[in-house]
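Everything on this sheet refers to the single structure shown next.
Residue numbers run from 1 in the order of the sequence given.
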Amino acid sequence: MTVFRLAMSELKRMTGGILPKVTIVALVMVPLLYGAVYLYANWDPYGNLDQLQAAVVVQDEGAVTKDGKELRVGEDVAQTLIDGHKFDWQIVDTPEEASDGVRDGQFAFALTIPKDFSANLASPENFDSATQAMMSVTTSDANNYLLTSIVDKVTTQVHESVAQQVGEQTANSLLTGYGTIHAQLVKAADGAQQLADGAGTLDSGVGTLKTGTGDLLTGTNDLVAGQTQLVTGSNQLQAGAAALDKGLGQLETQTSTLPGDTQKLSDGAAAVSGGTATLNTKVQEAIGSADKLDDAATAAITDKLGTFVADGTITPEQAGKIGASLAKDATSPSVTELKGKLATDAADVQKLADGAAAVADGAAKLAGATPALTSAIGQAHAGAGELTTGAGTLAGGQESALDGANQLSAGAAKLDTGAGDLKTGSSKLLTGASELATQLRNGAGTVPDPNDKDKQNAAGVIADPVRIDSVSQAQAANYGSGLAPFFLVLALWIGALMLVQVMRPLTVRALASNARSWKIAVGGWIPFATVATVQAVVLYSVVHFGLGLEPSHPWLTLGLLLLASITFTALIQGLVALLGTPGKFVALILLVLQLVSSGGTFPWQTTPEPLHIMHQILPMGHVVEGMRHLIYGADLAPLLPIVLGLLGYTVLGLLFAWIAVSKKKTWTLKALMPEIES
């Protein structure tokens, strides 16, 4: 089975009935519908701008020049626009009406010429009151985004026309004033000399000022240093006062029970003193009765000591000591020794009584003094609190004073710096004024005094100093011709993509045959290439003969379109043959990537950096470039690498198809039951 037999078999299948024939015709028309219809709709929009209504509002009140000539430039501009028929200009009375018309979509845009338009155009005659003339343009992107760019070009043309017209008159007036300038320059030189003399006096005074600001800065720095010490001291005072207040508060709390405690001490000491006196009396009685003591006396004394303990005259410990002593003495053979012992004890009791009396007296005095002491501690605590508050206020004031001193120092530093700058400036002023006086004298002799003929010639050059001689190496005839390369190529890719929606990339009959894989791959591609070729011929014919596209190289243009269509079908057919239904999605992704990276409307260099890689490696951008060279008549040198690249992509597509055939000739369960149906 030959390649052509495989291809003819598929073509016969595709044209075997009425519906398949209609389908093929529809597929042929897809690029035509996309490319030709779009180009038809946008073939020459700039040539139809006169169908757009635009509002012009003339409020210009005119002006009179120095030579008595009346200017009404606003009316002239409006009439020029109307006569030019670029747009359907409508005279509108007020800016508000024009703005409402733009907002409502009645007008594409509005141009307002204000009341002082002519007056401002004439204003350069007076240098001190020269004012730019303004025109107000009102647009709305809601009417059309591109209108803003179109209006910018229109207003630029109006601006250049009016500027040249009025510029000649202004330049003439300017040149007339050269003679006056010459005379005034001499006066200016004299004034500059006076300025130089004054600048010398100013420079001297500023030097004195700089010395004073330096002294002021030194003084404020000393003030800051002293104030810093005061702040440190006040902070220490505040901390000490707070510590004193805290300590006195604790002392006041701890001594609050002191009056009651000292009173209890006084009362206890008095009780002890009375008890010891009573004890002393009893001891004396015991000494008087010592001669009558016998063995029973010891027991009686013991009972008596118990009585003393019971009535609180002595303590149990004292009774124990006295009893032990008496018990020991009772065994003595001599009562005299007992009486001596009692006398000794009586002396001890007397000392105890004297000590208890002294303690009672001291405790009474202490009890009397403690209320005054606690009152003094309370007053000291209150005073310490006030001292703390005052110290805090003092510390805050010193902080504010330190801030003020710092601000004063900073201000003095700025003042000193400013005085230094002023001194530098005054020195420069002196130098500059002297130089100005010298240069003005020199310049007065170089100012020209042109005659009327020279003024007229120079005024024309000044008003329009630059003339552009444009040389176009390759130029599109109109807007549609400018879009044609991109949309023709894009339409061919879309046409090739639509083919795989209804045509089989590989026939099952061929896969089941014994034909070689490359023959099956090429045989499956030829029907795609055949239909794509018809698509390209029909598309080019309609655009060329119907819309009037006139390529500089018509046959080469058709040839590149045919090669591009063949390449696109090979690549898309190969992807779908290899990947199945996902291959259609890949072809769609490639369409999107080429749509944004091929540089169809804006130069591809203006796209984001990652898209530059897509432009380099994908075919559509290169074909668009080749079409521009062929249609506009540019250099044909880039065509050879473009053609070679398309041939390479064709081979790549056929390689995909060959790989697909090699894989699919071996039948698998996955091939019989694919995950995604084609």
Side-chain angles (χ1 to χ4, degrees), residues 31-32 34-47 146 149 470-496 532 535-568 571 590-608 611-650:
L32 183 65
Y34 184 80
V37 172
Y38 187 89
L39 290 176
Y40 170 73
N42 296 275
W43 190 249
D44 191 14
Y46 290 102
L146 291 178
S149 299
S470 298
V471 177
S472 178
Q473 295 182 343
Q475 185 175 10
N478 50 31
Y479 184 75
S481 299
L483 292 178
F486 174 60
F487 280 95
L488 290 176
V489 177
L490 182 61
L492 291 180
W493 183 280
I494 294 176
Q535 288 179 336
V537 172
V538 172
L539 177 62
Y540 176 78
S541 299
V542 171
V543 173
H544 177 52
F545 297 106
L547 297 183
L549 178 67
E550 296 292 341
S552 297
H553 305 278
W555 291 108
L556 290 178
T557 302
L558 176 60
L560 183 60
L561 283 176
L562 292 174
L563 179 58
S565 64
I566 291 173
T567 299
F568 294 165
L571 190 58
L590 291 177
L591 170 63
V592 174
L593 292 176
Q594 294 179 108
L595 184 66
V596 297
S597 66
S598 61
T601 52
F602 289 93
W604 65 269
Q605 293 87 347
T606 63
T607 60
L611 296 181
H612 293 186
I613 301 175
M614 297 295 102
H615 175 81
Q616 297 292 343
I617 64 176
L618 296 178
M620 187 180 294
H622 300 289
V623 180
V624 170
E625 180 185 356
M627 290 291 291
R628 286 176 177 154
H629 281 254
L630 291 172
I631 293 175
Y632 307 147
D635 183 20
L636 300 183
L639 285 180
L640 180 58
I642 292 174
V643 169
L644 293 177
L646 290 176
L647 293 176
Y649 267 107
T650 303

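- Considering every non-hydrogen atom in both Gly626 and Leu560, the closest pair reads C-CD2, 3.7 Å.
- Contacts of Thr557 classified as side chain to side chain donor-acceptor pair (under 3.5 Å), with partners at least two apart in sequence or in another chain: none.
- To the nearest 0.5 Å, atoms CG (Leu558) and CH2 (Trp555) are separated by 6.5 Å.
- Between Gln535 and Ser565, every side-chain heavy-atom pair lies at or beyond the 4.5 Å cut-off.
- Residues passing the side-chain contact (heavy atoms from CB on, under 4.5 Å) test with Leu636, sequence neighbours excluded: His553, Leu556, Leu630, Leu639.
- Among residues two or more places apart in sequence or in another chain, the side-chain contact (heavy atoms from CB on, under 4.5 Å) test is passed with Leu618 by Leu590, Leu593, Gln594, Met614, Tyr649.
- In this structure, CG in Leu492 is found 13.0 Å from OH in Tyr540, a value given to the nearest 0.5 Å.
- Separation of atoms CH2 (Trp493) and CG (Leu571) is listed at 5.0 Å; rounding is to 0.5 Å.
- Legend: residues meeting ring-ring contact (aromatic ring centres under 6.0 Å, His included) with His615, ordered by chain and number and at least two apart, are Trp604, His622.
- A distance of 7.5 Å separates CD1 in Ile642 from CG in Leu646, rounded to the nearest 0.5 Å.
- Contact record, Phe486 with Val624: CA-CG2, 3.9 Å, taken as the closest heavy-atom pair.
- Residues passing the side chain to side chain donor-acceptor pair (under 3.5 Å) test with Thr650, sequence neighbours excluded: Thr567.
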query = Can you list the steps and then say if Leu488 with Leu561 is a side chain to side chain contact (heavy atoms under 4.5 Å, CB included)?
reply = CA-CA 8 Å; Leu488 290 176; Leu561 283 176; 4.2 Å; yes

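- Atom OH of Tyr632 and atom CE of Met627 lie 9.0 Å apart (nearest 0.5 Å).
- Here the OG atom belonging to Ser598 is positioned 7.5 Å from the CG atom belonging to Leu490, to the nearest 0.5 angstrom.
- The side-chain contact (heavy atoms from CB on, under 4.5 Å) test applied to Ser541 returns Val537, Phe545, not counting sequence neighbours.
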